[in-house]
2 protein chains.
Amino acid sequence: MGYPRRVVATRDPWLSAAEQMRARGMRWTPQRRLVIDVLARSSGHVAASDVIEQCRRADPLTTPSTVYRTLDALETLGLIQHGHAADGHEEYHVLPQSEHGHRYCTNCGGSWEIDAKEAAELTRSMRDRQGFEVDLSHLTIVGRCAECA
Amino acid sequence: MGYPRRVVATRDPWLSAAEQMRARGMRWTPQRRLVIDVLARSSGHVAASDVIEQCRRADPLTTPSTVYRTLDALETLGLIQHGHAADGHEEYHVLPQSEHGHRYCTNCGGSWEIDAKEAAELTRSMRDRQGFEVDLSHLTIVGRCAECA
DNA sequence: ATTAATGCAAACGGTTTGCACTACT
DNA sequence: AGTAGTGCAAACCGTTTGCATTAAT
């Protein structure tokens, strides 16, 4: 209706990825662009194998080592963060601008993010009762989601 | 090798391990005894590599494949339960008589069990707010313990 | 012209498997 | 005697690395 809606200047970290890289003397290559495209379209967390597969769809010549190295590079830029999925494999969490954990359903394989607010009770009770500071970005809760339970 | 699944753990599971095995037509071997010795002395959760190393200390001829197969067998007996540590490697939880999760300190490497009581707030809030049934045995919380924080 | 990044192939480390042999029952 | 379990070596799979080549700066 009428004019385009006013949008808060949401600086897109992916758009600036190229500059961030150049600023550090890193190079902006087609392969890196592709990996970043895939990440940008992702749901927030992807297995390394997913990234490789998706890249290969766009460019069948994609090489695993290049993908891994790009993911490494992006992690040093702070754009992603790696961890391990329930099955023990590498998993990359995209854009941890706000630190968060994950919730997985063992039945349907679905996954959701757990933000600080949602984890508040947990972090508080751990701090109060055990003096334990929870690292939210490593929090993983496994179980059955509402639909599957 | 498919054994019948699922057995209730008894009061002193290690003493009865031999009988439980024989009852299923499994055999009681020195190698298995050794693995079980190691598990019995363990703190409640061990990495596969720990088990192998400890076994090798007692018997340098210990073979990884045998250890893995024994751990498999013990899991089908319900005496242990496997999962994945923070670094993504196999980890075995001994005697999950009472279901529990784990808490790890990234600084000192210490680990503690989280029992149902301690996790009560978490499980309740997940159930109430997301309809999510937490699987306590897969709960892993990472952070800094009271001493290290 | 530099030198970072790529692509390949080979190395890696933890886990699994096939198979002939051993030894528990 | 019969067969589950062992030990070895080789396969596996996801990830990492060395190195000569390519290409972004």
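Chain letters run A, B, ... following the sequence lines, proteins first, then strands; residues in each count from 1. All heavy atoms count here, side chains included; hydrogens, waters and symmetry mates do not.
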Starting at CD1 of I36(B), measure out to OG of S42(B) and round the result to the nearest 0.5 Å.
12.0 Å

Whole-Å distance separating the [atom1] atom of [X] from the [atom2] atom of [N]:
X: L74(A); N: dA5(C); atom1: CG; atom2: C1'; result: 13 Å
X: D72(B); N: dT17(C); atom1: CG; atom2: C1'; result: 12 Å
X: L34(A); N: dA5(C); atom1: CG; atom2: C1'; result: 15 Å
X: D50(A); N: dC13(D); atom1: CG; atom2: C1'; result: 16 Å
X: H89(B); N: dG14(D); atom1: NE2; atom2: P; result: 14 Å
X: R33(A); N: dA23(D); atom1: CZ; atom2: P; result: 18 Å
X: R32(A); N: dG7(C); atom1: CZ; atom2: P; result: 11 Å
X: M21(B); N: dA4(D); atom1: CE; atom2: C1'; result: 11 Å

Nearest heavy-atom pair of V94(A) and I80(A): which atoms, and what distance?
CA-CG2, 4.1 Å

Which heavy-atom pair separates M26(B) from L77(B) by the least distance, and what is that distance?
SD-CD2, 4.3 Å

May I have the step-by-step check of side-chain hydrogen bond (donor to acceptor under 3.5 Å, both in side chains) for Q81(B) and H93(B), ending in yes or no?
CA-CA 5 Å; Q81(B) 199 174 298; H93(B) 299 196; 5.7 Å; no

Evaluate the ring planes of W112(A) and F132(B), with Trp represented by its six-membered ring, and classify them as parallel (under 30°), tilted (30 to 60°) or perpendicular (over 60°).
perpendicular

Check for me, please, whether V142(A) and L136(B) land in the same ILVMFWY cluster - side-chain distances under 4.5 Å, paths through other members count.
no

Could you pull out all residues at least two apart from A146(B) that satisfy side chain to side chain contact (heavy atoms under 4.5 Å, CB included)?
none

Dot-bracket notation for DNA chain D is requested: 5' to 3', Watson-Crick or G-U wobble pairs only, both distances under 3.5 Å, with ( ), [ ], | and . as defined.
||||||||||.|||.||||||||||

Residues within residues 51-64 of chain A bordering DNA chain D, heavy-atom distance below 4.0 Å:
none

Could you tell me whether A48(B) contacts a base, only the sugar-phosphate backbone, or nothing, with contacts defined as non-hydrogen atoms closer than 4.0 Å?
sugar-phosphate

Between E91(B) (side chain only) and H82(B) (backbone N and O only), is there a donor and an acceptor less than 3.5 Å apart?
no

Can any side-chain N or O of T29(A) pair as donor or acceptor with the backbone N or O of R32(A) at less than 3.5 Å?
yes

How would you summarise protein contacts on nucleotides 19-25 of chain C per nucleotide, using B for base, S for sugar-phosphate only and - for none, with heavy-atom distances below 4.0 Å?
----BBS

Residues pairing under side-chain hydrogen bond (donor to acceptor under 3.5 Å, both in side chains) where one sits in residues 140-149 of chain A, two or more places apart or in two chains, turn out to be none

Side-chain donor-acceptor pairs under 3.5 Å in residues 118-125 of chain B, sequence neighbours left out?
residue, atom, partner, partner atom, Å
E118(B), OE2, Q130(A), NE2, 3.4
E118(B), OE2, R103(B), NH2, 3.0
E121(B), OE1, R124(A), NH2, 3.2
E121(B), OE2, R129(A), NH1, 3.3
T123(B), OG1, A119(B), O, 3.2
T123(B), OG1, A120(B), O, 2.9
R124(B), NH2, E121(A), OE1, 3.2

